[in-house]
Amino acid sequence: MASMCDSPVDDIEDMVTSHDPTPHERQSARSNIVPRPRKHKLQPGAEELQTDSVIPGTQKIWVRTWGCSHNSSDGEYMAGQLAASGYKITENPSDADLWLLNSCTVKNPAEDHFRNSIKKAQEQNKKVVLAGCVPQAQPRSDYLKELSIIGVQQIDRVVEVVDEAIKGHSVRLLGQKKEKGKRLGGARLDLPKIRKNPLIEIISINTGCLNACTYCKTKHARGDLASYPIEELVERARQSFQEGVCEIWLTSEDTGAYGRDIGTDLPSLLWELVKEIPEGAMLRLGMTNPPYILEHLEEMGRVLQHPRVYSFLHVPVQSASDSVLMDMKREYCVADFTRVVDFLKDRVPGITIATDIICGFPGETDEDFEQTMELVRQYRFPSLFINQFYPRPGTPAAKMEQVPAHVKKHRTKALSALFHSYNPYDHKIGERQHVLVTEESFDSQHYVAHNKFYEQVLVPKKPEFKGKMIEVDIYEAGKHYMKGRPVEDAQVFTPSIAQPLQKGQVSGLPQELKVTHQNGACASVASSALVGRSWRFDADGLKLLSLGLALAAVIVALVIEKLH
């Protein structure tokens with residue numbers, strides 16, 4: 001949903017099983033990684049760096065993520081593991097020793113930003129590790145040569161890859177994880193994590209998808225559908241609330257397809273999750289494609305009415321022409337989409353339906369585009385993601401006959417003009433609403449809250465409102481937001497069952513191992529550098545930590561004795 005706070009509305013990969021190695025075994029397994037020495041251009045007269053003298057784990061890392069909320073969650077997990085390992089996570093790229101660039105492959109501009117960031121890092125002599133969908137989908141690209149890559153299914157091994165990159169080696173981990181021949185959903189959900197917003201937990205419920213749209217490059221990276229078990233997702237939500245989170249986002253390439261590979265479905269998951277949501281906290285469901293939500297309309301209508309679930313659903317239509325949808329291989333027709341929207345609007349009064357539209361898909365005629373315009377006129381979507389078509393290399397759509405660039409541009413402008421011709425919130429001026437305050441606005445002048453329909457409401461920037469459910473009177477409305485005035489003497493409700501983590505604090509660690517990173521400064525657990533840093537923080541990990549601390553104590557005692 002376009003917003004003044006610039007937060008994404010649409011929507012880690014590497015499930016670790018009981019058969020995975022222990023931390024000690026994983027440390028030993030590094031001998032199986034065959035690094036390729038990277039040739040550095042030295043300044044005249046400079047002494048050549050001896051890689052064995054570089055001690056990984058003490059450097060500063062800048063993490064940059066592009067794309068969807070699934071990608072954002074991946075970035076949070078990678079930052080958390082690196083911080084737990086001793087690295088300092090900094091928000092200042094110029095201070096960093098290494099840039100971890102987490103890419104998105106949906107559009108050409110996103111990949112262009114990624115490519116430019118690599119070039120900029122190299123110009124500044126920064127070490128680089130690449131992650132996300134671009135290197136996973138096209139690892140042989142010329143501009144990725146000799147650079148370290150961590151695959152979307154391998155992010156639980158980011159520490160190993162960064163370690164090797166810090167030492168000047170080039171390492172690539174791009175494999176797919178399987179168990180008994182079945183592809184796993186992704187990274188363990190209990191890995192250390194640094195939430196960008198300590199009040200919001202992003203949970204990937206599945207990765208990959210069932211369909212293979214002709215324009216989509218993400219499928220090349222994320223692969224086929226693989227879902228997490230319900231009990232693991234419920235436990236992750238429970239842990240998040242115990243760390244002060246008050247809002248959960250469920251995300252994936254297609255949340256509606258959840259569970260089809262493991263014998264369950266999305267409503268079953270949602271009913272289990274709502275049992276864990278504290279009063280006043282909220283759950284937001286991510287993007288779902290029409291074919292899969294159609295199977296559960298009755299049940300989804302009931303779930304979306306639940307007081308702790310936002311009455312909001314992101315259902316991409318992409319085009320209102322059946323012929324274009326067929327060429328896109330979307331596996332539904334326009335009537336399927338309108339059936340979903342009409343049903344939910346009837347059963348969930350006030351529901352917000354967000355949708356996506358691609359302008360200028362190959363073969364789209366003027367008549368096809370006019371049908372899309374008419375759909376928008378009919379439904380006046382309050383949240384509309386308008387995308388000019390970009391042919392992605394290696395996709396079937398890239399080989400189709402393209403619509404001329406000037407036509408695509410004209411259609412994109414025409415649809416944007418139609419979207420901006422109506423104000424969806426004017427009729428809500430004067431309403432009294434309960435809103436959950438979770439973040440700061442993009443202009444830093446207000447706090448951002450959302451009402452039951454996930455509509456953005458700007459409220460006064462008072463610290464006592466952050467992370468709270470408050471009551472407001474709507475007095476102003478814009479295209480993408482409303483403004484609310486707090487009701488005098490109204491109760492300010494705290495939904496969190498625990499004090500939220502500080503910004504930069506690592507989630508998922510035992511309390512004594514919490515690490516806080518602010519402005520590049522690190523207050524980390526003592527002697528963390530003495531133990532194996534590929535921690536799992538299970539029983540084996542705690543034994544390893546105890547052994548490291550004991551060893552440190554013995555060394556200190558011997559040194560003191562020798563000094564005396």
Side-chain angles (χ1 to χ4, degrees), residues 7 69 72-73 76-77 80 83-84 188-205 228-251 268-286 303-312 433-440 447-452 454 457 459 462-472 486-487 490-516 518 537-538:
S7 61
S69 54
S72 297
S73 183
E76 291 178 351
Y77 271 115
R188 285 197 348 259
L189 296 174
D190 61 348
L191 291 170
K193 186 178 199 181
I194 295 179
R195 299 184 184 97
K196 186 175 180 180
N197 184 338
L199 297 174
I200 298 176
E201 166 68 4
I202 306 172
I203 303 179
S204 172
I205 62 174
Y228 288 98
I230 288 179
E231 57 272 18
E232 293 183 16
L233 294 165
V234 169
E235 179 55 36
R236 180 63 192 180
R238 187 180 295 124
Q239 175 195 327
S240 300
F241 291 126
Q242 290 169 352
E243 293 178 334
V245 162
C246 63
E247 185 171 289
I248 284 183
W249 297 358
L250 301 185
T251 185
S268 298
L269 168 64
L270 294 175
W271 286 124
E272 290 301 314
L273 284 173
V274 295
K275 296 177 184 177
E276 305 294 331
I277 303 174
E279 184 180 354
M282 298 297 291
L283 174 70
R284 193 198 80 182
L285 186 60
V303 171
L304 292 170
Q305 291 181 73
H306 193 283
R308 293 190 289 277
V309 178
Y310 285 118
S311 296
F312 166 87
Q433 301 177 352
H434 284 90
V435 297
L436 179 60
V437 184
T438 55
E439 54 196 311
E440 189 176 292
Y447 277 151
V448 177
H450 291 92
N451 59 21
K452 175 67 167 70
Y454 204 71
V457 180
V459 300
K462 295 183 178 181
E464 62 267 27
F465 291 163
K466 192 76 173 288
K468 306 296 196 297
M469 181 78 75
I470 65 174
E471 194 172 15
V472 298
V487 176
Q491 179 186 10
V492 176
F493 185 77
T494 303
S496 301
I497 61 176
Q499 186 69 21
L501 301 181
Q502 296 178 17
K503 185 174 177 61
Q505 195 170 5
V506 181
S507 158
L509 301 188
Q511 191 61 38
E512 64 274 14
L513 297 177
K514 298 285 186 191
V515 183
T516 302
Q518 290 181 332
F537 295 99
D538 53 12

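- Under the side-chain hydrogen bond (donor to acceptor under 3.5 Å, both in side chains) criterion, S268 pairs with D265, not counting sequence neighbours.
- Rounding to the nearest 0.5 Å places CD of E440 at 6.5 Å from OH of Y447.
- Here the OG-NZ distance, from S496 to K468, works out to 7.0 Å after rounding to the nearest 0.5 Å.
- Taking the side chain to side chain contact (heavy atoms under 4.5 Å, CB included) definition, one finds that P278 meets it with F241, A281, I497, sequence neighbours left out.
- Each of L269, V234, I205, L189 was evaluated against Y228; a single residue qualifies, L189, per the side-chain contact (heavy atoms from CB on, under 4.5 Å) test.
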Any chance you could lay out the side chain to side chain contact (heavy atoms under 4.5 Å, CB included) test for I248 and I277, step after step, and finish with the verdict?
-> CA-CA 9 Å; I248 284 183; I277 303 174; 6.0 Å; no
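- Using a 4.5 Å heavy-atom threshold, the side chains of I470 and V437 count as touching.
- Between S507 and Q239, some side-chain heavy-atom pair lies under the 4.5 Å cut-off.
- The salt bridge (charged side-chain N to carboxylate O under 4.0 Å, His left out) search around E201 returns K193, R195, R236, not counting sequence neighbours.
- Between N451 and Q433, the side chains place a donor N or O and an acceptor N or O closer than 3.5 Å (distance only, hydrogens not considered).
- Under the side-chain hydrogen bond (donor to acceptor under 3.5 Å, both in side chains) criterion, E279 pairs with no residue at all, not counting sequence neighbours.
- Legend: residues meeting salt bridge (charged side-chain N to carboxylate O under 4.0 Å, His left out) with R308, ordered by chain and number and at least two apart, are absent.
- One finds the CD1 atom of I194 at 9.5 Å from the CD atom of Q505 (value rounded to the nearest 0.5 Å).
- With rounding to the nearest 0.5 angstrom, the CD1 atom of I202 is 10.5 Å from the OG atom of S240.
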Hey, mind stepping through H450 and L436 against side chain to side chain contact (heavy atoms under 4.5 Å, CB included) and telling me if it holds?
-> CA-CA 5 Å; H450 291 92; L436 179 60; 5.8 Å; no
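- Taking 4.5 Å as the limit, some side-chain heavy atom of L270 sits within range of a side-chain heavy atom of L283.
- Evaluation of the side-chain hydrogen bond (donor to acceptor under 3.5 Å, both in side chains) rule for E471 yields no partner, not counting sequence neighbours.
- The CG atom of L501 sits 11.0 Å away from atom CG of N197, with the distance rounded to the nearest 0.5 Å.
- In this structure, the side chains of E464 and V492 stay at 4.5 Å or more apart for every pair of heavy atoms.
- Scored by the side chain to side chain contact (heavy atoms under 4.5 Å, CB included) test, Q305 finds V348 as partners (sequence neighbours excluded).
- With sequence neighbours left out, K196 forms a side chain to side chain contact (heavy atoms under 4.5 Å, CB included) with E76.
- Residues A237 and L273 approach most closely at CB-CD2, 3.8 Å, considering heavy atoms.
- Across R188 and D190, no two heavy atoms sit closer than the pair NE-OD1, 2.8 Å.
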Evaluate side chain to side chain contact (heavy atoms under 4.5 Å, CB included) for L233 paired with I203, printing each intermediate quantity in order.
-> CA-CA 8 Å; L233 294 165; I203 303 179; 3.6 Å; yes
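- By the ring-ring contact (aromatic ring centres under 6.0 Å, His included) test, Y310 pairs with Y454, sequence neighbours left out.
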Determine, step by step, whether M282 and K452 satisfy the side chain to side chain contact (heavy atoms under 4.5 Å, CB included) criterion, reporting the C-alpha distance in whole Å, the side-chain angles of both residues, the deciding distance to 0.1 Å, and the verdict.
-> CA-CA 9 Å; M282 298 297 291; K452 175 67 167 70; 4.1 Å; yes
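- Partners of E235 under the side-chain hydrogen bond (donor to acceptor under 3.5 Å, both in side chains) rule, at least two apart in sequence or in another chain, are R238.
- In plain terms, the two heavy atoms of G467 and P495 that are nearest each other are O-CD, 3.2 Å.
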